[in-house]
Every structure is written in C-alpha cells, then in structure tokens.
Novice: 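Pasting in a structure now, in structure tokens, and then I'll have a few things to ask.
Residue indices begin at 1 and follow the sequence shown. Note that the structure is predicted; figures quoted are calculated from it, not measured.
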Amino acid sequence: MDDDSIPVSGGVRFFTLAFAAFTVSLIPLALLAFIPVSVNFFGRVDLGQVFTGYAALLFYSFCAVCLILCLFSWLRYSQNIISLFFSIIILFCFNFIHLVPLFLKTGDNFSVFLQKISFAWHFEAASRGIFDSRDFSFYFFVSAFFIFLAVRGENRRTGLKTGFVTPILFLLTVFFFAVSCDRLYFRLDFTKNREFSVSEVTRQLCGQLENPLRITCWQSKELKNFYPQAQEVTEYLSMFASSSKNVFFNVKKAESEKLERLGIQGRQLKTENSTKVEYTTVYSAILLQYLDKSSIIPFCISTKNLEYDLAQRIQQLVSGNQRNLFVTAGNGYSLDEDYGYVLPWLNARGFFAREVEADKLPDFLTELEIQEMDRSQFLILGSDCLDDSACEAVKIAAEKGMSVLVMTSPYTVNLKDEWKVEKKYNPLLKVLNGWGFAFDYSLAEDLANFPLTMTSSDEGETVYKTVNYPLWISVLPQKEAFEGVILAWASPLICYGKTEPLLQTTALAWKQKPLDSIPDSPFLLDPFNIPKTASAQGEKNEVLTLAAILQDEEKNLSIGVVSDQFFLSSLMTGFTSSSVQGDFRNYDYTASLLLKLRGEEKLGELMRKTDSSSALYKISDEEVFIKTRNAVLFVCFAVLPLISALPGIILLAVKRRTFKIQKVKYEK
C-alpha cells in the first residue's frame with residue numbers, strides 16, 4: 001500500500017486494493033451460506049430473500065473495506081490497529097445512527113438525514129427480498145467517496161499537490177448522480193410469493209374501475225423513526241397506482257384535526273430517555289374514494305395484508321355489495337366476552353359481521369329474504385345449545401343458498417372451570433351428517449402440539465413446568481393454513497360424498513377413544529398424565545381430518561366445518577399468544593375460509609400472500625429434531641471453523657517444512 005513505485009494513479013491503486021481485500025472477505029460470507037441451508041432443514045427459506053440479503057451484504061462489505069483503506073491512508077501505517085479500531089466504531093455508529101431520534105429530540109429534516117446515511121436503514125428492503133436500486137446505489141456512492149478520501153490521504157502523505165477543481169467536480173458529480181438515483185429508481189420483488197408486487201387478482205379488480213379511484217395516504221413524519229417499514233407502505237401504494245390508469249395516489253401531511261373529522265384516530269408511541277418519557281401521536285391512514293363512496297384503512301404501518309385490504313375495499317366500492325355475516329354462539333358462551341375478538345377481526349377483514357342470538361335464530365332465518373341469503377353467510381360457534389327448530393332453520397337456509405361455517409364437535413369442555421369432557425344432545429350433528437360430515441366419537445391427538453406451561457406450588461414456591469399437550473393440536477403450515485392453526489379437543493372428521501378435507505394432522509396423530517366404563521369422564525385430559533405418543537396410548541398413528549368443506553353447485557350448497565368450537569375463543573387465544581404478540585392465525589384462517597365459501601378464494605389467498613412462515617415445522621419427531629440440531633451445531637461450531645483455519649494450518653505447515661529443508665542444506 002505504501003509502495004510509490006507502481007506507475008498507476010491513486011484511484012486505481014486503492015480500488016485494486018479494496019477489490020483484493022473484498023475478495024478475501026468473500027470467504028466468511030460464503031461460510032454464512034450454511035445458515036439458510038441449516039434453517040431449511042427445519043422450516044421454509046425464501047431464496048429471494050437470501051439472494052437480495054447476500055447482494056446487500058456484498059455491497060456493504062465492499063463499502064466497509066473502502067472505509068478501512070481510507071483510515072489507513074490518513075493515519076500512519078504503523079497504527080493499523082488504531083485504524084481498524086476506528087473503522088469498527090464508525091461502522092457501528094453508521095449502522096445504528098437512524099435510531100438516534102428515538103432517544104434525542106431531533107428535527108424532521110435531521111431525522112431524515114440520519115436515515116439516509118444509516119447502513120442498516122438501507123438494508124431493510126433487501127432483508128425482505130426487495131432489490132431497491134436506491135439502497136445499492138447508496139453503498140456504491142459511499143464506497144466511491146471513501147476511495148476518494150483515501151486518495152486525498154495518500155496525496156497528503158506523498159506531498160503530491162492537487163488543485164481544488166478536480167475534487168470539487170468529482171464530489172459534485174457523485175452528489176448529482178446520488179440525487180438522480182434517489183429520484184429515478186426501480187424496485188424488484190424477489191420473494192417467492194411476490195409479496196410486494198401487485199397480483200393478477202388485484203389487477204383484474206382495478207380493470208373493472210370505470211371511474212378514477214383516488215387513494216390518499218396520511219403518514220406522520222415521526223412514524224418512520226419508530227417503524228422503518230412504514231416507508232414501504234407509500235412505496236407499495238405508489239406501485240399499486242402505477243398498475244392501473246384509473247388509480248391515482250398522493251401522500252399528504254397528517255393533520256390531526258382533519259383526520260379526526262374523518263373519524264381516524266392516531267396511535268400513541270412512547271419514547272424515553274434517562275430524564276423523561278414522552279408520548280407521540282402518529283397517524284398512518286389510507287383513504288379510498290370512488291365516485292361518492294369511500295373506505296378507510298385507519299392505521300397501516302406495513303405491507304402485510306395491505307394488498308388484501310385494498311383489493312377487498314375496491315371490490316366493495318365497485319360492486320356496492322357488502323359481505324353480510326351473521327354470527328351465533330350456539331354453545332351458551334357469550335359473543336362479547338368469550339368470543340370478543342371475532343366481530344372486530346372479521347369486520348376489519350371486510351365482513352359486515354352482526355350477532356344473532358341463539359334463541360332468536362329460527363325466527364331470524366325465517367324472516368331473512370331469499371335474495372339476502374345468496375349474499376349472506378352464517379358462522380356458528382358451537383352448537384350443543386341449539387334446539388331442533390334452530391338446526392332445521394340452518395338446514396333450510398343453507399339449502400336456499402346461504403353459505404354456512406360451523407365450528408363444533410360431539411364433545412364440549414368447560415374452559416372456565418375444571419377441564420372435563422361432556423357429551424350433550426347436539427341435533428346439528430345430524431344435519432351435518434346429512435351433508436357429508438361425520439364425526440368420529442373420539443378426540444384427536446398429535447405429536448405436533450402446543451406446549452402447556454403449568455404452575456404448581458412446591459414448599460411455598462411457584463414452579464413452572466412446560467409439557468406437551470397432544471389434545472391441543474398445532475396444525476403445521478399447509479395449503480389451506482399457510483401459517484398453521486391450533487385446535488383444542490377436536491374430534492376427527494370422516495368425509496364422504498362430495499365433502500373434501502381442509503385441515504389435516506401429521507402422520508403421527510392418533511385417536512383417544514372414550515372409556516365406556518367411566519361415563520362421567522370418558523377421556524383423560526390431565527396434561528401430566530396423558531400419554532404423549534400413540535404407542536403409549538395403545539393406538540396406531542394415522543392422518544386425521546380436523547376441518548372439511550362441501551361446495552356442491554348442483555344443490556347450491558356451500559358448507560364448512562371445523563371440529564373445534566373453541567377455535568375462535570378469546571381464552572384460547574390468550575393461552576396460545578405470547579406476552580408481546582397475539583396469536584390470531586385462527587382468525588385469519590376463518591376469514592379466508594369464509595371467502596372460500598363465498599367463491600372468492602383468490603381474494604382470500606391475498607391474506608396468505610404476505611405470511612412468510614418462520615415456523616420450524618418440517619421435523620415433528622423429537623428424536624429426529626434433536627439429531628438434526630446436533631448435526632447442524634457440529635457443522636457450525638466444528639466443521640466450519642476447521643475449514644476456515646485449514647488454509648492457515650496448511651500454510652504454516654508448508655513454511656515449517658521449507659524452513660527445515662533450508663536449515664538442513666545450511667548445516668550441510
């Protein structure tokens with residue numbers, strides 16, 4: 001680096017040095033490829049995300065190498081350790097500098113500036129499978145700037161004087177090219193499901209627009225400080241508008257008074273430092289206007305489900321029809337308390353959901369007009385409290401064209417008290433049997449299950465113990481349930497006729513059959529004493545059906561059955577949710593199933609489009625999981641370090657052998 005006899009310019013010299021050092025850095029980057037390979041043994045890896053993520057790492061690595069050379073050229077070469085130390089500090093600061101506005105009061109313009117110079121900020125899109133030309137041009141121009149500074153430092157060391165015109169012109173050229181790349185850019189979606197692209201279903205809906213559709217987005221500037229992905233919302237809306245000539249999009253500054261008049265409420269976000277805690281009200285709302293009709297997405301900070309929200313609203317704005325959904329809790333539980341999330345969640349997914357009390361169900365269905373039945377749906381949560389007249393009314397309504405989704409089973413469990421299985425008179429089961437849904441009078445169990453955390457008191461101390469509970473089945477990701485769902489105390493379904501299975505267990509499931517000798521307690525539910533495998537239960541492993549569907553165009557029937565009346569229970573949702581995030585997979589699956597029953601399956605698939613499952617679902621057998629995990633750990637912490645050290649070991653051995661040969665020749 002300090003050899004001045006090479007007859008090349010400083011720029012060429014430092015670029016060559018940077019590229020040479022960069023090729024060396026490819027070795028650890030190549031070893032990192034084993035990480036997605038390892039994860040692929042247990043779950044699904046999106047190759048598009050791997051590609052863009054590695055591309056960003058390559059650009060970042062070259063930029064980091066240019067920074068190190070820049071510091072080496074300005075400091076004495078005898079202080080290489082100091083230069084390396086400063087490089088680490090600078091890279092660390094530039095990786096997290098966009099987080100400063102979370103802890104310090106900064107102006108909007110300065111916050112934007114910090115985001116623009118943050119390395120991690122420009123890695124956000126690539127980590128999700130998006131190739132954004134602005135991010136990669138950022139790394140390119142920053143690398144060019146560091147090489148320019150390195151050349152200036154080298155000229156300073158050698159005493160070579162240069163004028164001010166050349167560096168000024170160079171910096172101006174870099175600046176204007178950077179501004180141009182920031183305004184004229186392109187984004188390529190490399191994800192497997194094209195999560196950030198407009199799908200063909202949505203394009204067809206936009207093609208039905210005969211008049212302009214105006215989309216307005218109000219987004220607070222402070223929001224980007226808390227959620228970097230919020231910028232993706234406006235990016236996606238801009239791309240969405242470009243997909244149709246009748247869609248127009250603009251972004252407006254969030255004004256609290258105007259938004260409150262539209263019925264849009266802001267969200268409060270907390271910022272704190274060592275001396276004070278502040279709450280900031282932020283907005284991120286989207287308004288769709290078509291002719292004299294409008295629809296609002298009140299708060300949106302990511303592109304997850306954004307295309308579905310837009311598509312289903314456009315469909316309703318164009319057609320003028322709403323998705324009427326009537327919901328009945330037919331098991332004696334309260335829709336407000338025990339199923340408190342059902343109505344709000346389904347309303348947020350585009351349904352006009354209303355409660356129908358179980359005792360008023362026969363009169364309500366009798367008075368409902370035939371025209372409304374074709375456009376309406378019914379969701380029944382449990383059925384052991386429905387009488388014969390109510391079940392007959394449901395049967396007649398379904399045969400007149402109303403699609404029905406039933407969540408029930410032959411047995412019920414008291415969730416709020418001691419878990420005990422009861423079998424009650426349930427006339428709806430006979431109706432379902434006539435449609436092709438037969439229940440096996442047993443309880444399904446599976447090795448893929450939800451682990452229960454139980455508490456017990458031991459000498460005055462609370463002891464927590466986690467046990468696998470085979471009766472709470474974790475349905476692994478599959479075609480109909482992309483993220484998987486959880487069913488509790490479900491009875492297997494037997495499909496016949498035109499009925500088709502929807503949700504199925506793994507091949508390691510089995511049945512717990514009732515004990516006739518104990519009629520009051522025919523099943524064993526105790527999490528500590530229940531057998532954990534089929535062999536321990538004395539049963540055989542088999543695939544069990546837990547949900548099924550019937551769509552018969554000839555008879556105009558559209559029926560769905562989920563063998564779990566607590567599938568949407570608020571209490572069960574609390575059990576399966578973590579302390580920081582709710583588990584609402586069952587609710588989204590219900591919404592997609594309702595759309596499937598309406599004949600809008602393509603629209604329902606948009607909900608699953610952005611569900612990148614990160615569950616480690618491929619291995620359900622515990623022994624196989626442990627063996628695979630140990631093999632991965634051995635490769636990561638033994639084989640790969642050995643491969644990394646092998647060239648150095650070989651080089652050292654060759655040097656020692658050469659030294660011994662030369663020593664023998666010298667002694668002779």
Novice: Checking the side chain of Ser569 only, and the main-chain atoms of Gln565 only, is there a donor and an acceptor separated by less than 3.5 Å?
Specialist: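 No: the side chain of Ser569 does not pair with the backbone of Gln565.
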Novice: With distance as the sole test, does Ser284 use its side chain to make a donor-acceptor pair with the main-chain N or O of Cys300 at under 3.5 Å?
Specialist: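 Yes, the answer is positive, given that a donor and an acceptor are paired below the 3.5 Å cut-off.
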Novice: With a 4.5 Å heavy-atom cut-off, do Ser563 and Pro492 have their side chains touching?
Specialist: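 Side-chain contact under 4.5 Å: no.
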Novice: To the closest 0.5 Å, what do you measure between OH (Tyr333) and CZ (Phe566)?
Specialist: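 CZ of Phe566 is found 4.0 Å from OH of Tyr333.
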Novice: If you look at every heavy atom in Asn305 and Met607, which pair is closest and at what distance?
Specialist: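 Of all heavy-atom pairs spanning Asn305 and Met607, the closest is OD1-O, 3.2 Å.
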Novice: Of all heavy-atom pairs between Val24 and Pro28, which one has the smallest distance, and what is that distance?
Specialist: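 For Val24 versus Pro28, the nearest heavy atoms are O-CD, 3.5 Å.
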Novice: Walk me through whether Phe140 and Phe62 qualify under ring-ring contact (aromatic ring centres under 6.0 Å, His included).
Specialist: CA-CA 9 Å; Phe140 173 79; Phe62 185 77; 8.7 Å; no
Novice: Where the side chain of Thr533 meets the backbone of Ala536, is there a donor-acceptor pair that is under 3.5 Å apart?
Specialist: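 Side chain of Thr533 to backbone of Ala536, a donor-acceptor pair under 3.5 Å: yes, one is there.
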Novice: If you round to the nearest 0.5 Å, how far is CZ of Arg187 from CG of Asp135?
Specialist: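 Here the rounded value is 8.0 Å.
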Novice: Using the six-membered ring wherever Trp is involved, compare the ring planes of Tyr139 and Phe136 and label them parallel, tilted or perpendicular (cut-offs 30° and 60°).
Specialist: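 Because their plane-to-plane angle is over 60°, the rings of Tyr139 and Phe136 count as perpendicular.
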Novice: Below 4.5 Å, heavy atoms only, C-beta onward: do Tyr236 and Leu310 meet side chain to side chain?
Specialist: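 Sidechains of Leu310 and Tyr236: in contact.
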Novice: For residues Lys540 and Trp510, report the shortest heavy-atom separation together with the two atoms involved.
Specialist: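 Heavy atoms of Lys540 and Trp510 come nearest at O-CB, 3.5 Å.
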Novice: State which residue, out of Thr506, Leu546, Asn541, Leu544, fulfils the side-chain contact (heavy atoms from CB on, under 4.5 Å) condition with Asp446.
Specialist: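 Going through Thr506, Leu546, Asn541, Leu544 one by one, the side-chain contact (heavy atoms from CB on, under 4.5 Å) with Asp446 is satisfied by Thr506 alone.
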Novice: For the pair Thr545 (side chain) and Ile494 (backbone), establish whether a donor and an acceptor sit closer than 3.5 Å, ignoring hydrogens and angles.
Specialist: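 The answer is no, because no donor-acceptor pair under 3.5 Å joins these two groups.
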Novice: Taking all heavy atoms of Ala126 and all of Thr52, pick out the closest pair and write down the distance.
Specialist: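 Scanning both residues, the minimum pair turns out to be O-OG1, 2.6 Å.
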Novice: Can you see which heavy atom on Leu568 is nearest to which on Tyr339, and at what distance?
Specialist: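 It is O-CD2, 3.3 Å.
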Novice: Quick check for you: to the nearest 0.5 Å, what is the distance between Ser577 atom OG and Met572 atom CE?
Specialist: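 Answer rounded to 0.5 Å: 10.0 Å.
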Novice: Look at the aromatic rings of Tyr587 and Trp345 and report parallel, tilted or perpendicular, splitting at 30° and 60°.
Specialist: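 Taking Trp345 first and then Tyr587, their aromatic rings sit tilted (interplane angle of 30° to 60°).
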Novice: Can you tell me how far the OG atom of Ser143 sits from the OH atom of Tyr60, to the nearest 0.5 Å?
Specialist: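 That separation rounds to 11.0 Å.
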Novice: Is there a side-chain contact between Tyr308 and Leu595 in this structure, where contact means two heavy atoms from C-beta onward sitting under 4.5 Å apart?
Specialist: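 Touching, per the 4.5 Å side-chain cut-off.
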Novice: Are there over 12 heavy-atom neighbours, none belonging to Phe19, within less than 6.0 Å of that residue's CZ?
Specialist: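 Atom CZ in Phe19 is not crowded, with 12 or fewer foreign heavy atoms closer than 6.0 Å.
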Novice: Between the side chain of Tyr589 and the main-chain N/O of Glu483, is any donor-acceptor distance below 3.5 Å?
Specialist: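 No: the side chain of Tyr589 does not pair with the backbone of Glu483.
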Novice: Between Ser491 and Ser409, which heavy-atom pair has the shortest distance, and what is it?
Specialist: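 Heavy-atom minimum between the residues: OG-CB, 4.2 Å.
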Novice: Could you tell me if the side chain of Ile301 sits less than 4.5 Å from the side chain of Phe299, heavy atoms only?
Specialist: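 They are in side-chain contact.
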Novice: Given side chain to side chain contact (heavy atoms under 4.5 Å, CB included), test Ile559 with Phe437 step by step and report yes or no.
Specialist: CA-CA 10 Å; Ile559 315 295; Phe437 304 92; 3.8 Å; yes
Novice: Does some side-chain heavy atom of Pro531 sit less than 4.5 Å from a side-chain heavy atom of Leu524?
Specialist: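 Counting from C-beta outward, Leu524 and Pro531 do come under 4.5 Å.
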Novice: Strictly distance-based, threshold 3.5 Å: is any side-chain N or O of Gln551 a donor or acceptor partner for the main-chain N or O of Lys596?
Specialist: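 Confirmed, Gln551 side chain pairs with Lys596 backbone.
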Novice: Any side-chain to backbone donor/acceptor pair from Gln478 onto Gln504? Under 3.5 Å, distance only.
Specialist: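 Yes.
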Novice: Could you walk me through whether Trp489 and Asp564 pass the side chain to side chain contact (heavy atoms under 4.5 Å, CB included) check?
Specialist: CA-CA 7 Å; Trp489 303 298; Asp564 176 14; 5.9 Å; no
Novice: Begin from the C-alpha positions of Val562 and Val485 and carry the test side chain to side chain contact (heavy atoms under 4.5 Å, CB included) through to its verdict.
Specialist: CA-CA 11 Å; Val562 177; Val485 293; over 6 Å; no
Novice: Quick one: does Phe138's side chain get under 4.5 Å of Asp132's, heavy atoms only?
Specialist: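 No - every pair of side-chain heavy atoms lies 4.5 Å or more apart.
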Novice: Would you indicate whether the side-chain heavy atoms of Lys420 and Leu525 approach each other to under 4.5 Å?
Specialist: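 Not in contact.
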Novice: Between Phe523 and Tyr411, does the ring centroid distance fall short of 6.0 Å?
Specialist: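 Yes; Tyr411 has its ring centre under 6.0 Å from that of Phe523.
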Novice: Any chance CZ of Phe92 has more than 12 other-residue heavy atoms, nucleotides or ligands included, within less than 6.0 Å?
Specialist: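 No - once you tally the heavy atoms of other residues, nucleotides and ligands closer than 6.0 Å, there are 12 at most.
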Novice: Less than 3.5 Å apart, any donor N or O on the side chain of Asn586 or Tyr341 sitting next to an acceptor on the other?
Specialist: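 No pair is found: no donor N or O on one side chain lies under 3.5 Å from an acceptor on the other.
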Novice: Which distance, rounded to the nearest 0.5 Å, do you find between the CG of Leu452 and the OG1 of Thr576?
Specialist: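 Answer for the CG-OG1 pair, Leu452 versus Thr576, is 10.5 Å.
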Novice: With a 6.0 Å cut-off (strictly less than), is the heavy-atom count around NZ of Lys513, excluding the residue itself, greater than 12?
Specialist: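 No - once you tally the heavy atoms of other residues, nucleotides and ligands closer than 6.0 Å, there are 12 at most.
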Novice: To the nearest 0.5 Å, what is the distance between CG on Leu29 and OG1 on Thr23?
Specialist: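 One gets 11.5 Å once the value is rounded to the nearest 0.5 Å.
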Novice: Between Lys511 and Asp440, is the side chain to side chain contact (heavy atoms under 4.5 Å, CB included) condition met? List the steps.
Specialist: CA-CA 9 Å; Lys511 301 175 185 176; Asp440 187 303; 2.8 Å; yes
Novice: If you define the side chain from C-beta out and look only at heavy atoms, does anything of Ile473 sit under 4.5 Å from Asn449?
Specialist: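 No. Closest side-chain heavy atoms not under 4.5 Å.
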